[in-house]
There are 2 protein chains.
Amino acid sequence: MSDVLPVSMPAVPECDRARASFFGRVSARGGWVHGVLACLLMACAMSVPTQAADPAGNGPLRGSGDLGIAVERAKGSLQWLDTSKLSSLGRIEGLGDLSHASAVFSRDARYAYVFGRDGGLTKVDMLTGQVVKRIIQSGNSIGGAISQDGRWIAAANYTPGGVKIFDAETLALVADIPTGTKVVGLEDVPGNRFVFSLWDKGETWIADLSEDPGNPKITRLTGTGTQPYDALISPDGRWYVAGLYGENGIAVLDMWNPEQGMRRVLPDYGRGEEKLPVYKMPHLDSWAMVGNLAFIPGVGRHEVVIVDVGTWRQVGVIPVAGQPVFVMAQPDGRRLWVNFAFPHYDTVQIIDVPSQKIVHEMKPGKAVLHMEFTPRGEQVWLSVRDANRLEVYDTHTFRKLAELPADAPSGIFFTSRAHRIGL
Amino acid sequence: MSDVLPVSMPAVPECDRARASFFGRVSARGGWVHGVLACLLMACAMSVPTQAADPAGNGPLRGSGDLGIAVERAKGSLQWLDTSKLSSLGRIEGLGDLSHASAVFSRDARYAYVFGRDGGLTKVDMLTGQVVKRIIQSGNSIGGAISQDGRWIAAANYTPGGVKIFDAETLALVADIPTGTKVVGLEDVPGNRFVFSLWDKGETWIADLSEDPGNPKITRLTGTGTQPYDALISPDGRWYVAGLYGENGIAVLDMWNPEQGMRRVLPDYGRGEEKLPVYKMPHLDSWAMVGNLAFIPGVGRHEVVIVDVGTWRQVGVIPVAGQPVFVMAQPDGRRLWVNFAFPHYDTVQIIDVPSQKIVHEMKPGKAVLHMEFTPRGEQVWLSVRDANRLEVYDTHTFRKLAELPADAPSGIFFTSRAHRIGL
């Protein structure tokens with residue numbers, strides 16, 4: 001296949017973790033054990049039954065800080081993961097359409113809230129591997145967030161367009177914020193606020209739940225730009241950054257000074273005047289921020305762009321193997337891990353931050369869709385969709401530590417996200 | 001009492017969280033419920049029995065991400081805390097001498113490892129509130145750390161001087177690193193390494209457990225300076241910073257480039273030529289780092305010192321109410337919370353980072369010894385030693401959310417530390 005095959009983009013580009021690339025289809029070809037001699041640990045998923053609590057809520061005690069899930073999109077299921085044992089605890093089923101699925105976690109790190117493409121919101125008990133509750137909260141959803149205090153779940157919806165707020169305990173509807181258009185880039189920020197952007201209107205709204213969660217105070221900001229398609233919040237909760245599909249540049253909002261409104265920066269960032277072919281719009285929710293620098297995927301370009309967050313100006317580029325999808329910093333900020341769109345989606349490159357050089361390259365297999373670090377950064381977990389497996393690597397030595405079977409895995413989410421702003 | 005009463009410092013200044021100030025004694029005067037009208041939630045500690053697991057390890061399931069402990073030094077016990085319910089789950093007893101106690105947590109956030117002054121190392125189950133195992137690992141200990149992968153516990157000892165490494169699962173001794181002198185400032189850094197300094201020798205050692213934990217590879221660095229008394233590691237694990245008791249200045253080690261050795265910076269930082277009276281040497285383990293700035297307690301001065309971490313030069317000072325002990329940044333980096341040595345130990349001041357102005361002051365009571373933020377920063381918990389209580393505040397509104405009785409509480413530690421480098 002050609003390296004420059006142009007892509008027909010969907011009406012709203014789906015910057016999703018869970019979605020297969022535009023080209024690939026879920027493939028069951030190939031067993032999961034082949035050529036895995038380097039692997040130190042081998043675990044057999046689906047062999048361990050889920051552990052239910054008894055009617056009194058008693059069950060096998062375990063900490064919830066080292067658990068996670070990997071989305072199996074085609075099956076509508078999750079692999080239930082243990083990062084201490086490098087193993088799967090089983091499969092959790094019955095979550096509906098998990099295209100574009102993402103997850104957030106309760107403040108006690110016990111429950112996952114999984115947002116599905118079909119508007120489903122599913123509460124999963126990470127200690128028992130069971131679905132606690134599932135509601136269909138809209139016709140079509142693009143993700144969600146959890147409030148700083150852990151009490152409120154917000155879902156961003158396309159159909160009907162708007163944001164719904166749910167009680168994290170019961171999933172009861174608490175507030176409905178209709179927008180009349182598709183909502184993208186929903187993020188939590190300190191002060192029990194949520195921020196999100198409107199695809200058709202080029203606006204960014206702040207919903208403040210701190211006073212009256214049932215009647216959020218809304219602040220509407222205009223001037224976001226044409227067709228915001230995704231957003232991120234910086235790890236400190238200060239910078240809300242919206243990517244634009246309809247024009248070049250990005251929109252930035254300083255949550256410490258929201259009265260200053262949306263600011264347009266990086267005017268040359270984007271597909272360019274000649275509309276470069278873009279195989280997959282890069283994800284914004286995992287831009288790497290190290291000190292005062294952000295490392296962001298070049299759109300349609302084989303490069304990582306370096307931006308000074310103090311000035312929001314481009315200060316450099318790092319050439320890479322393909323069009324980056326995720327540029328993720330290790331928790332220690334020392335290295336960046338980059339995956340790519342088709343046709344380089346079998347490759348991961350690792351960049352040393354101080355020297356800005358590529359120090360390692362690996363080819364785990366076709367369609368590396370997502371990467372998740374353990375919270376202190378000693379491991380990274382990869383989804384290798386077409387190989388139907390997860391792979392775990394030592395971030396220091398790049399040694400493969402484990403492979404686990406998984407059905408066309410996409411997004412990976414660890415419970416330690418419970419303790420991070422914007423995750 | 002005089003504001004300038006000079007203090008006789010101990011032979012090794014004990015930069016401890018748990019220790020009472022040099023002046024105060026544990027006081028039981030005053031009930032714990034007085035004038036608490038503003039308090040939204042009131043919880044009665046010690047009323048709930050601890051929940052044990054049955055012999056098969058089954059018990060009441062709960063997430064472990066929202067738990068914590070507060071040290072009750074005089075009783076050798078812990079208050080067992082729930083930050084979701086703003087309550088105490090009970091008292092955990094039998095931990096020996098908890099002067100100078102500190103704690104780290106297992107990677108699944110289930111177990112606390114408490115380091116006591118008496119050389120005790122106690123493993124506590126945060127799900128059952130029970131002591132799982134307790135060993136006396138030395139005659140006199142100053143704290144410890146847990147390795148990046150969560151498998152190894154390191155204890156820093158005075159008597160005999162050195163570091164011991166234990167298996168986190170069993171507390172079996174794995175390695176012994178004698179130093180011939182008191183060890184201070186033990187910190188974990190990425191790559192399963194520990195860094196620590198030697199009080200009498202002015203050296204800093206790196207113990208690398210990544211290859212053979214039973215036989216750590218030791219790197220000795222000289223030139224740390226006279227009498228290092230404590231240290232910190234920056235939240236990204238890059239900067240190891242040792243405070244000096246015997247001279248002015250601090251020592252910095254770049255863990256990304258340890259071959260560059262110890263670097264002496266901030267030559268005017270310290271007690272000065274005239275040896276200012278110092279009521280309590282400030283803690284280093286909680287210097288606030290926000291972006292490229294560090295906010296550090298002035299030694300013997302009523303000021304917070306601002307340091308540019310890019311150059312390690314002082315770039316400003318913020319006048320405050322007394323001699324700062326802890327200068328702690330909220331998880332969002334927006335505000336600093338500062339407590340003080342005698343005689344201003346009843347006061348907490350809050351500094352807005354962008355403007356560097358004091359935006360709030362509170363007087364919770366005598367001897368505010370420690371402050372701990374919930375991981376996303378919506379709450380801060382304070383130990384008010386002489387009032388025998390913990391207080392919980394909303395970090396946005398400064399409203400008091402709860403008071404909980406505790407016997408002369410000192411250090412507070414939440415399980416979310418499991419997921420942070422250097423905590």
Side-chain angles (χ1 to χ4, degrees), chain A residues 53-54 56-67 82-84 105-111 125-128 147-150 188-192 210 236-238 256-257 290-292 309-310 330-334 353-354 374-379 395-397 415-416 418-421, chain B residues 53-54 56-67 82-84 105-111 125-128 147-150 188-192 210 236-238 256-257 290-292 309-310 330-334 353-354 374-379 395-397 415-416 418-421:
Chain A
D54 69 18
N58 292 315
L61 292 182
R62 61 156 300 149
S64 57
D66 59 346
L67 299 173
D82 178 331
T83 71
S84 292
F105 293 91
S106 60
R107 77 190 299 287
D108 62 359
R110 176 170 181 176
Y111 298 103
D125 188 339
M126 298 295 292
L127 295 177
T128 65
S147 63
Q148 185 184 27
D149 68 1
D188 63 277
V189 284
N192 261 19
S210 62
D236 60 4
R238 177 168 185 181
W256 290 8
N257 300 287
V290 181
N292 280 349
V309 179
Q330 288 180 189
D332 66 359
R334 179 70 192 270
V353 167
T374 48
R376 293 164 134 226
E378 76 278 12
Q379 303 167 11
T395 56
H396 298 283
T397 61
T415 52
S416 51
H419 300 146
R420 308 284 173 169
I421 295 167
Chain B
D54 69 17
N58 293 314
L61 292 183
R62 61 156 301 150
S64 57
D66 59 347
L67 299 174
D82 178 332
T83 72
S84 292
F105 294 91
S106 61
R107 77 190 300 287
D108 62 359
R110 176 170 181 177
Y111 298 103
D125 188 339
M126 299 295 293
L127 295 177
T128 64
S147 63
Q148 184 183 27
D149 67 1
D188 63 278
V189 284
N192 261 19
S210 62
D236 60 4
R238 177 168 185 181
W256 290 8
N257 299 288
V290 181
N292 279 349
V309 179
Q330 289 180 188
D332 66 359
R334 178 69 191 270
V353 167
T374 49
R376 292 163 135 225
E378 75 280 13
Q379 302 166 11
T395 55
H396 298 283
T397 62
T415 52
S416 50
H419 300 145
R420 308 283 174 170
I421 294 166

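By convention in this document, chain letters (A, B, ...) are assigned in the order of the sequence lines, proteins followed by strands, and residues within each chain are numbered from 1. None of the values given here were measured: they were computed from a predicted structure. All values below were derived from every heavy atom in this structure, side-chain atoms included, with hydrogens, water molecules and symmetry-related copies excluded.
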Find the one option among [options] whose heavy-atom pairs under 4.5 Å with chain A are most numerous.
{"options": "B:Thr395, B:Thr83, B:Asp54", "value": "B:Thr83"}
{"options": "B:Gly150, B:Pro331, B:Ser106, B:Gly57", "value": "B:Gly57"}
{"options": "B:Gly59, B:Gly310, B:Gly237, B:Pro354", "value": "B:Gly59"}

Per-residue contact mode, [X] against chain A (heavy atom under 4.5 angstrom):
{"X": "B:Arg107", "result": "both"}
{"X": "B:Gln330", "result": "neither"}
{"X": "B:Thr374", "result": "side chain"}

Working to the nearest 0.5 angstrom, can you tell me the gap between A:Asp188 CG and B:Arg376 CZ?
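Those atoms lie 4.5 Å apart.
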OG/B:Ser210 to CD/B:Gln148 distance, rounded to the nearest 0.5 angstrom?
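These two atoms lie 10.0 Å from each other.
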Checking A:Asp66 now: which residues fulfil salt bridge (Lys or Arg N to Asp or Glu O under 4.0 Å) with it, not counting sequence neighbours?
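Partners of A:Asp66 by the salt bridge (Lys or Arg N to Asp or Glu O under 4.0 Å) criterion, ordered by chain and then number, come out as A:Arg62.
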I'd like to check B:Arg334 versus B:Val353 (side-chain heavy atoms, cut-off strictly below 4.5 Å). Are they in contact?
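Side chain of B:Arg334 against side chain of B:Val353, heavy atoms only: no contact under 4.5 Å found.
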Could you tell me which residues satisfy side-chain contact (heavy atoms from CB on, under 4.5 Å) with A:Pro375, sequence neighbours excluded, listed by chain and number?
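So A:Pro375 forms a side-chain contact (heavy atoms from CB on, under 4.5 Å) with A:Ser416, A:Arg420, B:His419.
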Pair B:Asn58, A:Asn58 - check side chain to side chain donor-acceptor pair (under 3.5 Å), show working.
CA-CA 6 Å; B:Asn58 293 314; A:Asn58 292 315; over 6 Å; no
Using heavy-atom distances under 4.5 Å, tell me whether A:Thr415 contacts chain B through its side chain, its backbone, both, or neither.
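Looking at A:Thr415, nothing touches chain B.
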Contacting region of A:Asp125 [heavy-atom separation from chain B under 4.5 Å]
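For A:Asp125, no heavy atom lies under 4.5 Å from chain B.
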